[in-house]
Number of protein chains: 2
Amino acid sequence: MASTPTHALSPLLRKLESIATLTDEERHAVESLPVKTRMLAPRQDIVRDGDHTSQCCLILDGWACRYKLTGKGQRQIFSFHIGGDIPDLQSLLIPVMDHSLATLTSTTVALIPHADMRELTLRFPNIAAALWRDTLVDGAIFRAWIMCMGQRSAFDHIAHLFCELYLKQEAVGLASEHRCPLPFTQLDLADATGLSNVHVNRVLQEMRRNGLITLRSQTLVVEAWERLVQTSEFDAAYLHLQKRAAP
Amino acid sequence: MASTPTHALSPLLRKLESIATLTDEERHAVESLPVKTRMLAPRQDIVRDGDHTSQCCLILDGWACRYKLTGKGQRQIFSFHIGGDIPDLQSLLIPVMDHSLATLTSTTVALIPHADMRELTLRFPNIAAALWRDTLVDGAIFRAWIMCMGQRSAFDHIAHLFCELYLKQEAVGLASEHRCPLPFTQLDLADATGLSNVHVNRVLQEMRRNGLITLRSQTLVVEAWERLVQTSEFDAAYLHLQKRAAP
DNA sequence: CGCTAATTTGACCTGGATCAACTACGGTGG
DNA sequence: CCACCGTAGTTGATCCAGGTCAAATTAGCG
């Protein structure tokens, strides 16, 4: 960490380079973004519904989620985020938040002032396009969630979510061999799927009984990937993960 | 239509100008986009799940929706679209479709080649930013739908949708006085909300009984706007409608 | 080792689904 | 102008996925 060439912003670079091929100048410009790094405790709000923001938040390490509360305090989680994600990139163009962003685990984030981000996108349309594309994938994931909520059973919905979360991590090298971290509670899963925690628990038990998954000590092991994919009609196309262009 | 100053692309201009202030040059560049205008019958696919596209589709008049089918043929509708919307703008940066786009009514559309669109966004970062912002609002609407599907009753969900559809139309001058066109069937509403058509029917009857709405001959009249807003906890903030900058 | 948060279990309930008629209505052709 | 037909809307009966409530039982963790 001391003299290695790794850089605080390398998760962002990796993500951008998985979308577009960057020139040296562009790569250097990203690395030169003036960021403040922060370490945050689990289950802390980073930005709140209604806030006016002047910076955005790049996740470097750990997990975060976007969510919103109803009048009666019920929480709906909209998305889960890992290193390389900028969950509140939206605030760059729409500075008033219509939902909240919070950590799930201990998390390291980099705060990037909107002004610098805006300058970067104006100087480098290529980077702007990559970020825009990223918000489009974000939308595609929302549609997949809507599909699950509207048309699938609780079992298939959770199976679909597991496929998504595994692949999302695999794509950035945080998972392999159908095994990945899943460091949040059944209540978090319930709030993400719109189910009750009790029912999530029962579905998980059924998945274990069927030999589909193992889930303990914050680790998900998909024992039967194909069956998980089939039952939930999971089609990874919507994640639009594509191999990085050859260097 | 003959010698008036109105232009086929004026719905797009109006939308862009509701987001950003355009220079004369920018306005002229938009108007100079080479478009093919098409009139489409109701309930026709415009683009299909899996298609590779090289143009995007601007709605000029009429209604369209984005949707996707499950393996068993159940349809989930993701969004409704009216004049000025570019529902498949996503294809500009992600050319392979992960869902379908179809008309609901007789619809006039303008097809814009990706190449021209791309050139426009490269020449005018201001326009690119406006379009990007539009895709972010698109995402915000998806989140509102997820919130409704996960946390609200069928009644409140439909009420929320009615508020959204009314305001969306009001914002572009297609509705006023809490009265707007709603030219689609109860089955469409069911597929958008993830409910059965039977239950949608029962909820609508209850809304009528409560004096909340009138809905007949494709027209929605909200008889009690405040109550509709309150029961569904509708907060228009997520639509990010803002007054056009003064000329 | 004790405390708290997380998971699990059981009993019971309900919102909304499903299935199957039946009715109303906007065309369309005679 | 009317008979016909297909689509959309309505109704009733029954069922079930998943919710709710409350009480254990773990699992972490300081």
Side-chain angles (χ1 to χ4, degrees), chain A residues 41-44 63 70 72-77 102-106 148-161 181-209 213-220 231-232, chain B residues 41-44 63 65 70 72-77 103-106 148-161 181-209 213-220 231-232:
Chain A
R43 303 190 174 270
Q44 302 257 292
W63 284 76
T70 66
K72 286 129 255 149
Q74 307 163 93
R75 177 179 62 152
Q76 177 66 47
I77 290 179
T103 62
L104 287 166
T105 65
S106 293
C148 283
M149 300 183 98
Q151 308 298 336
R152 291 194 226 282
S153 67
F155 188 99
D156 293 350
H157 187 169
I158 293 175
H160 198 278
L161 181 58
L182 213 71
F184 38 82
T185 68
Q186 295 182 6
L187 217 168
D188 295 324
L189 286 176
D191 289 348
T193 52
L195 300 164
S196 68
N197 59 339
V198 173
H199 198 61
V200 166
N201 181 273
R202 289 183 170 132
V203 167
L204 291 181
Q205 287 177 59
E206 192 186 345
M207 287 184 171
R208 287 191 266 244
R209 262 200 312 282
I213 62 160
T214 306
L215 177 55
R216 59 164 191 274
S217 48
Q218 322 267 60
T219 301
L220 170 71
T231 186
S232 65
Chain B
R43 304 190 173 269
Q44 301 256 294
W63 284 77
C65 71
T70 66
K72 285 128 257 150
Q74 307 164 94
R75 179 180 60 153
Q76 177 66 47
I77 291 179
T103 62
L104 287 165
T105 65
S106 294
C148 283
M149 300 184 99
Q151 308 297 336
R152 291 193 226 281
S153 67
F155 188 100
D156 292 350
H157 187 169
I158 293 175
H160 198 277
L161 180 59
L182 213 71
F184 37 83
T185 69
Q186 295 182 3
L187 216 169
D188 295 324
L189 286 176
D191 289 348
T193 52
L195 300 164
S196 68
N197 58 339
V198 174
H199 198 61
V200 166
N201 181 274
R202 288 181 171 132
V203 167
L204 291 181
Q205 286 178 59
E206 192 187 346
M207 286 184 171
R208 286 190 265 245
R209 262 201 311 282
I213 63 160
T214 306
L215 176 55
R216 59 163 191 276
S217 49
Q218 322 266 62
T219 301
L220 170 70
T231 186
S232 64

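Scanning atom types as modelled, no donor and acceptor separated by under 3.5 angstrom connect the side chain of B:Arg202 and the base of D:dG9.
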Seminar exercise, completed: Counting primed atoms, P, OP1 and OP2 as sugar-phosphate and everything else as base, the B/S/- map of nucleotides 23-30 of chain D against protein heavy atoms under 4.0 Å is --------

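Whole-Å rounding puts the B:Phe155 CZ to C:dG16 P distance at 11 Å. Computed from coordinates, the A:Asn197 CG to C:dA5 C1' distance equals 12 Å when rounded to whole Å. In this structure, the CD atom of A:Glu206 is 10 Å from the P atom of D:dG18, given to the nearest Å. At whole-Å resolution of the value, NZ in B:Lys72 and P in C:dA17 are 16 Å apart. Computed from coordinates, the B:Arg152 CZ to C:dG16 P distance equals 13 Å when rounded to whole Å. What separates CD of A:Gln74 from C1' of D:dG19 is a distance of 12 Å, to the nearest Å. The distance from atom CD of B:Gln151 to atom C1' of D:dG19 is 12 Å, rounded to the nearest whole Å. When the C1' atom of C:dG10 is taken as reference, atom CD of A:Gln205 falls 12 Å away, rounded to whole Å.
Judged by distance alone, with hydrogens and angles left aside, the side-chain atoms of A:Gln44 form no donor-acceptor pair with the main-chain N or O of A:Ala102 at under 3.5 Å. Between the A:Glu206 side chain and the A:Phe155 main chain, no donor and acceptor come within less than 3.5 Å of each other. A:Thr105 places a side-chain N or O within 3.5 Å of a backbone atom of A:Trp63 that can act as its donor or acceptor partner. Within the 3.5 Å criterion, the main-chain N or O of A:Thr185 finds a donor-acceptor partner in the side chain of A:Asp188. Between the side chain of A:Gln76 and the main chain of A:Asp191, a donor-acceptor pair closer than 3.5 Å is present. A donor-acceptor pair is defined here as one N or O able to donate and one able to accept, closer than 3.5 Å; such a pair exists between the side chain of B:Arg208 and the backbone of B:Leu215.
In this structure, of C:dT8, D:dC21, C:dC19, it is C:dC19 that holds the atom nearest to the side chain of B:Val198. Closest approach to the B:Arg43 side chain among D:dA8, C:dT7, D:dT20 is made by D:dA8 (side chain taken as heavy atoms from C-beta onward). When each of D:dG18, D:dT10, C:dA17 is scored by its nearest atom to the side-chain atoms of B:His199, the top-ranked nucleotide is C:dA17.
An OP1 or OP2 oxygen of D:dT10 is reached within less than 4.0 angstrom by a side-chain nitrogen or oxygen of B:Asn201. Regarding contacts with the backbone of C:dA5, every side-chain N or O of A:Gln186 stays at 4.0 angstrom or more from both OP1 and OP2.
Using a 3.5 Å distance cut-off with no hydrogens or angles, the side chains of A:Asn201 and A:Gln186 do pair a donor with an acceptor. Remark: the B:Thr231 side chain and the B:Asp156 side chain contain an N/O donor-acceptor pair separated by less than 3.5 Å.
Using a 4.5 Å cut-off on side-chain heavy atoms (C-beta onward), B:Arg209 and B:Gln205 make contact.
Under the side-chain contact (heavy atoms from CB on, under 4.5 Å) test applied with B:Thr193, the options B:Met149, B:His157, B:Arg152 reduce to a single match, B:His157.
Residue-level contact check: A:Ser196 touches the bases, meaning some heavy atom is under 4.0 Å from a base atom.
Within residues 187-195 of chain A, the residues approaching DNA chain D are A:Gly194, A:Leu195, by heavy-atom distance under 4.0 Å.
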